[in-house]
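Okay, so here's the structure we're looking at.
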Amino acid sequence: MIEVREWHEWPSAEAEAVAVQERLRSEVRFDGFPAEVRTAAGLDVAYGADDDEVIAAVTVLDLAELSVVDRSVVRSRVEFPYVPGLFAFREAPPLLAALTGLEVEPDVLVCDGQGLAHPRRFGLACHLGVLTDLPSVGVGKTALGRYDPPGPERGDRAPLLLDDEPVGAALRTRRAVKPVFVSVGHRCTLDEACELVLRLTPHYRLPETTRTADRLGRAEARGT
DNA sequence: GCGACAG
DNA sequence: ATCTTGTCGC
């Protein structure tokens, strides 16, 4: 079972949230994946009819078969507004609750958002990685930072730069399709993160992990 | 003042 | 995130 580290009090104001990020970011580790990486979790949040209703969904996939071996959904209410740079304070609480409901502990978390590609180098993927101490990678659909277009072939990549600093990669997962934006979350290298994302994208632009979690969340958002 | 701004 | 039809291409 996944142990979620105590995060003391969740911030209620933006200044507190920034302070939490600056304190926790020193705990991100960059040593590679553990030897055995057989399963990966996809995490996603869907929004319900009520303005403050959120549905956190997690699926665990077996990497060899890309089959779903476990899942968990949690409905709750948002207690933090969406603020660029503070995204994790909105989505991490429900996602951590959903992670707690898993029976199969995944070897790595694949998050729907950024990791180090963040103004303070502590995006959602870093946050979830540090609080669970599980390896994690961030996969964003839009970039936070600038990049030169990578080559057109699947697997082509270009550095993602923020403040003229490399923070991740624009990775092409499908030929001639907009790249995804991969960055390290916790306990992995950028190469490992990109390699994992390619393993998870044999057919579509987005990883199967995020796709299955997304479907699970929307199904729950509309009843059963 | 103007543009940027993960989901 | 979410509200939504048709359309182009493999």
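Per chain, numbering begins at 1; letters A, B, ... match sequence-line order.
Heavy-atom contacts from other residues, nucleotides or ligands closer than 6.0 Å to CD of A:E65 number 12 or fewer.
Among residue pairs with one or both ends in residues 139-148 of chain A, those qualifying as salt bridge (charged side-chain N to carboxylate O under 4.0 Å, His left out) are A:D112-A:K141; sequence neighbours excluded. Under the salt bridge (charged side-chain N to carboxylate O under 4.0 Å, His left out) criterion, the residue pairs touching residues 191-204 of chain A are A:R157-A:D191, with sequence neighbours excluded. For residues 44-56 of chain A, the set of pairs meeting the salt bridge (charged side-chain N to carboxylate O under 4.0 Å, His left out) definition, not counting sequence neighbours, comprises A:D50-A:R77, A:D52-A:R77, A:E53-A:R75.
Residues satisfying the salt bridge (Lys or Arg N to Asp or Glu O under 4.0 Å) test with A:E103, not counting sequence neighbours, are none. With sequence neighbours excluded, the residues that form a salt bridge (Lys or Arg N to Asp or Glu O under 4.0 Å) with A:D31 are A:R29. Applying the side chain to side chain donor-acceptor pair (under 3.5 Å) test to A:Y47 and every residue at least two apart in sequence or in another chain returns A:R90, A:E91.
Using a 4.0 Å cut-off between charged side-chain N and carboxylate O, A:E220 and A:R215 make no salt bridge.
Members clustered with A:V167: A:Y147, A:L160, A:L162, A:F181, by chain and number, using a 4.5 Å side-chain heavy-atom cutoff among hydrophobic residues.
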Write out a two-atom table: protein N or O, nucleotide N or O from nucleotides 5-7 of chain B, distance below 3.5 Å.
residue, atom, partner, partner atom, Å
B:dA6, OP2, A:Y82, OH, 2.2
B:dA6, O3', A:T142, OG1, 3.4
B:dA6, N7, A:G85, N, 3.3
B:dA6, N6, A:G85, O, 3.4
B:dA6, N6, A:F87, N, 3.3
B:dA6, N6, A:H118, NE2, 3.3
B:dA6, N1, A:L124, N, 3.1
B:dA6, N3, A:Q114, N, 3.0
B:dG7, OP1, A:K141, N, 2.8
B:dG7, OP1, A:T142, N, 3.4
B:dG7, OP2, A:T142, OG1, 2.6
B:dG7, O3', A:D112, OD2, 3.1

Per-nucleotide pairing state of DNA chain B [Watson-Crick or G-U, under 3.5 Å; [ ] pseudoknot-crossing; | other strand]: .......
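Using a 4.0 Å heavy-atom criterion, one finds that A:R218 contacts the sugar-phosphate atoms exclusively.
Paired runs in DNA chain C never reach 3 or more consecutive Watson-Crick or G-U pairs with both distances under 3.5 Å.
Residues from residues 181-198 of chain A lying near DNA chain B, meaning a heavy-atom separation below 4.0 Å, are absent.
Aromatic pair A:W10/A:F80: ring centres not closer than 6.0 Å.
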Protein-to-nucleotide contact annotation, 5' to 3' order, nucleotides 3-8 of chain C [B base; S sugar-phosphate only; - none; under 4.0 Å, heavy atom]: ------
Derivation of the side chain to side chain contact (heavy atoms under 4.5 Å, CB included) call for A:L128 and A:L96: CA-CA 7 Å; A:L128 292 172; A:L96 290 167; 3.7 Å; yes
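Cation-pi geometry between A:R187 and A:F33 is not satisfied (NZ or CZ under 6.0 Å from the ring centre, within 45° of the ring normal).
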